[in-house]
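Working notes, beginning with the structure itself.
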Amino acid sequence: DAGVTQSPTHLIKTRGQQVTLRCSPKSGHDTVSWYQQALGQGPQFIFQYYEEEERQRGNFPDRFSGHQFPNYSSELNVNALLLGDSALYLCASSLRGIGTEAFFGQGTRLTVV
Amino acid sequence: GQQLNQSPQSMFIQEGEDVSMNCTSSSIFNTWLWYKQDPGEGPVLLIALYKAGELTSNGRLTAQFGITRKDSFLNISASIPSDVGIYFCAGRVPPLQGGKLIFGQGTELSVKP
């Protein structure tokens with residue numbers, strides 16, 4: 001049973017560019033949440049997708065957007081990258097409506113130069 | 001907004017010693033979770049707590065959900081070198097509020113053989 005998988009594992013982008021990160025949830029899970037983890041900090045909630053819609057959003061600008069596909073996989077898009085967007089981006093999957101816990105992928109390390 | 005205060009920030013202990021860390025919040029959570037994160041990896045769920053007062057063990061790990069629902073602690077007994085890593089507490093907001101996780105700042109554990 002595959003867990004949560006994210007791609008790519010590492011990425012280097014130039015300031016001002018756009019990036020797309022991908023996540024496949026754990027088998028049987030229908031909800032995907034994205035988190036940003038800066039160095040030395042705990043993960044910060046970006047947004048959550050369920051039934052292909054954004055259900056909840058954290059305190060992140062509109063440059064951060066996402067999408068969920070019918071197979072429950074998800075993408076995180078960040079436009080007009082800033083140096084401060086450099087972080088580990090984590091995807092977590094869960095089963096909505098039931099007390100299943102969030103399982104995390106290994107993350108995508110984004111470096112903006 | 002909701003915040004979690006996790007302490008201590010770091011710990012340096014001798015192999016075989018017991019460890020204790022805790023999280024407090026100004027908000028009530030329905031669920032408390034404890035994760036361990038190794039460098040370059042995503043958080044791995046250690047223990048999940050669902051009821052106020054609940055005490056749960058997972059091997060050498062024991063965690064409790066505080067009676068006030070605003071705090072939790074994690075104990076590790078007889079530490080071993082592979083316990084090294086960063087431990088995060090997380091509170092989950094009620095599902096009707098989206099079910100997102102709020103993370104503490106982490107406790108970095110170092111174990112000296």
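Below, each value reflects all heavy atoms present in this structure, side chains not excepted, and no hydrogens, waters or symmetry copies. Letters A, B, ... mirror the listed sequences (proteins, then strands); counts begin at 1.
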| Option in A:P43, A:G58, A:A92 with maximal non-hydrogen atom pairs under 4.5 Å from chain B | A:P43
| said: Quick check on B:L101 against chain A: is it the side chain, the backbone, both or neither that has a heavy atom closer than 4.5 Å? | reply: both
| message | Is it true that A:T20 and A:N77 share a donor-acceptor pair across their side chains at a distance under 3.5 Å? | response | yes
| Where does B:Q9 contact chain A at under 4.5 Å (heavy atoms): side chain, backbone, both or neither? | neither
| task | Assign the ring pair B:F103 / B:F88 to parallel, tilted or perpendicular, where the plane angle (0 to 90°) is split at 30° and 60°. | result | perpendicular
| request: For the residue pair A:S73 and A:S24, confirm or rule out a side-chain donor-acceptor distance under 3.5 Å. | output: no
| request: Measure distances from A:Q6 to the heavy atoms of chain B and classify the residue's part below 4.5 Å as side chain, backbone, both or neither. | output: neither
| note | Heavy-atom closest pair (B:C23 atom, B:W32 atom, distance to 0.1 Å) is CB-CZ3, 3.7 Å
| message | Counting only non-hydrogen atoms closer than 4.5 Å, does A:Q106 touch chain B with its backbone (N, CA, C, O), its side chain (CB onward), both, or neither? | response | both
| field | Residues A:D85 and A:K13 bridged, charged N to O under 4.0 Å | value | no
| field | chain B contact via A:Y35 - which portion, at a heavy-atom distance below 4.5 Å | value | side chain
| field | Over all atoms of both residues, closest heavy-atom pair of A:L81 and A:T14 | value | CB-O, 4.2 Å
| chain A: which of B:Q37, B:Q105, B:E108, B:Q6 shares the most heavy-atom pairs with it under 4.5 Å? | B:Q37
| query | Of the listed residues (A:R55, A:Q37, A:H10, A:Q44), which shares the most heavy-atom pairs with chain B below a 4.5 Å separation? | reply | A:Q37
